[in-house]
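Remember, predicted model here, so these are calculated numbers, not experimental data.
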Amino acid sequence: MLSQLSIKNYALIDSLDVSFASGFTCITGETGAGKSILLGALSLVLGKRADLGALQDKDLKCIVEAEFLIKKYGLKSFFKENDLDYEDLTIIRREILPSGKSRAFINDTPITLDVLSQLGNRLIDVHSQHQTLQLGNNDFQMKVIDALADNKSLLNEYSEGLEVYRNITKELQELLDFQLNANKEHDYNSFLLKELDEAPLKIGLQEELEGQYEQLNNMESIIEQLAKGDQLLNDEQVGILNLISELKQVANKLSNYGTDYVELNQRIQSVFIEMDDISTEVQSLQEGAEANPQLLETISGKLQTLFDLQKKHGVNDISELIAVRDVLTEKVSVTENLESNIEKKEAELRGQEENLNKLTSSLNERRTKVIPELKKQLETSLSKLGMPNATFKINLKPSDTFKTNGKDDLTFLFSANKGTDYGELKKVASGGELSRIMLTIKSILAKYEQLPTMMFDEIDTGVSGEISNRMGDIMQEMSNTMQVFSITHLPQVASKGNHHFKVFKVDEANATRTRMKKLGDDERVVELAEMLGGKDLSDSALAHARQLLN
């Protein structure tokens, strides 16, 4: 509930601090006194857009601060989701700077206007004559029926299922759209993949082939050089091995003359062994060295294939070609499995649709069951509000499409008088009738769900006498379970309030200011008397006022 409201530098209000209590609070005042200004300021802390023109002093910022007792509202999850500090006594502050910028805070944490609006909708329901247009809205009408049917948990389950259904539908459509293009690209991708699959794609293979190509392509020179090397090593007269063999004999003899020559002999022996091994290797290479034009052509072809593929795909080596091949493999695989994936997704969609149909069937059944009770309550209450012949036709039929609140089409028709045709509320009901219908619906809702603070802004316009008295009774009854405000011009309604505030204007320092004060018992008598008979108070008006209060 709203427990405190502070307004600074807003329109005709320079500074206002007022405390509110639970129960039924009535706010009265002459036309133009500033009741709409009060509502405008309150709307700022409920998330409405700020208007720089509302600043009284353009050089100072406007501050509106409201305190709410929210323990009963079950808002802890909302605070957690929005990373806000939860307090049973929550303070909302809105600031409008002279620059035109606006700031909002919940328990001193800066928040966006969207978050503020979401919280505001859960704290106060401001109802004016303009809001009666909601009566013609199918979603609002269905909300009333669902409240009576206690469909909250079922609707939550349906809402979650509907989100899953829409996600599956979206995924299926994406697969179908992909299939249209994929079929066109499949053949080309398959051709590219076949080329890469047939190519010798192995890390290090290109370097190996290039080495083999260099050897085969220069085989004549290799054979020539190997023959020359063999001759240098093994010539009978001046071959390196023969010369080192003679040197080995010399070193062997020297080794008998001291340790210095032993080491020299060992080194020469090692050289001979190494050169002998080299000679064997050269001869072996010479024997294996032969021209092979066919192998050269094969290797050249493989290299050319690799070079062509690298150029075709704009890459530099085999590793990048392998990456391209993997991507193509995935594309071709997806395309080839696409039909199967689509069939699976369609089956998944059918399963979810079946689940939703069960939920919507339950919703339809529960709604159908409570409609007679809603019709009865509406007509009984409206009869007491001076509409004895008001009747409703409420029909519910299954729809072909899933909606946000189920799969039902609702027709909510109204007739105010006997013998008149039924029609849509907004077309056949007058403003006064709509106000009474809305008040009745709100009072019914209050019995079935925890409503936020209700603020009726001149909802009783267009009615008088006993009807206004009954409207006051309804608001008073509602205030037994919730905080109710009524901004009213009717003394019959104002007299029902547990608390009574008056909004009025004063002239101070060449400026008009709006003020608000809580009336005591005697002040209430005077205010009601003035509402009944004007400023010139008569004894009868005062007596009538006292009678209303009693």
* Look at K345 together with E348 and state whether they make a salt bridge at an N to O cut-off of under 4.0 Å. => yes
* Main-chain N/O of E379 paired with S383 side-chain donor or acceptor, under 3.5 Å -> no
* Asked: According to the interplanar angle, ranging from 0 to 90°, do the rings of Y86 and F79 count as parallel (below 30°), tilted (30 to 60°) or perpendicular (above 60°)?
  -> perpendicular
* To do: Using a strict cut-off of less than 4.0 Å between a Lys/Arg side-chain nitrogen and an Asp/Glu carboxylate oxygen, indicate whether E81 and K76 qualify as a salt bridge.
  => no
* Separation of E527 CD from D522 CG (nearest 0.5 Å) -> 13.5 Å
* Can you check whether F456 and F485 have ring centres sitting under 6.0 Å from each other? -> no
* Asked: Is it true that D408 and K403 make a salt bridge, defined as a side-chain N closer than 4.0 Å to a carboxylate O?
  -> no
* Decide, yes or no, whether a salt bridge links D14 with K8 under the criterion of side-chain N to carboxylate O below 4.0 Å. => no
* Indicate yes or no: does K517 engage E523 in a salt bridge with an N to O separation below 4.0 Å. => yes
* Asked: Is there a donor-acceptor pair closer than 3.5 Å between any side-chain N or O of S361 and the backbone N or O of K358?
  -> no
* Does NZ or CZ of R515 lie under 6.0 Å from the centre of the six-membered ring of F504, at an angle within 45° of the ring axis? -> no
* Asked: Would K344 and E346 pass as an ion pair if we require N to O under 4.0 Å?
  -> no
* Examine K407 relative to F402 and say whether NZ or CZ is less than 6.0 Å from the centre of the six-membered ring and inside a 45° cone about the ring axis. => yes
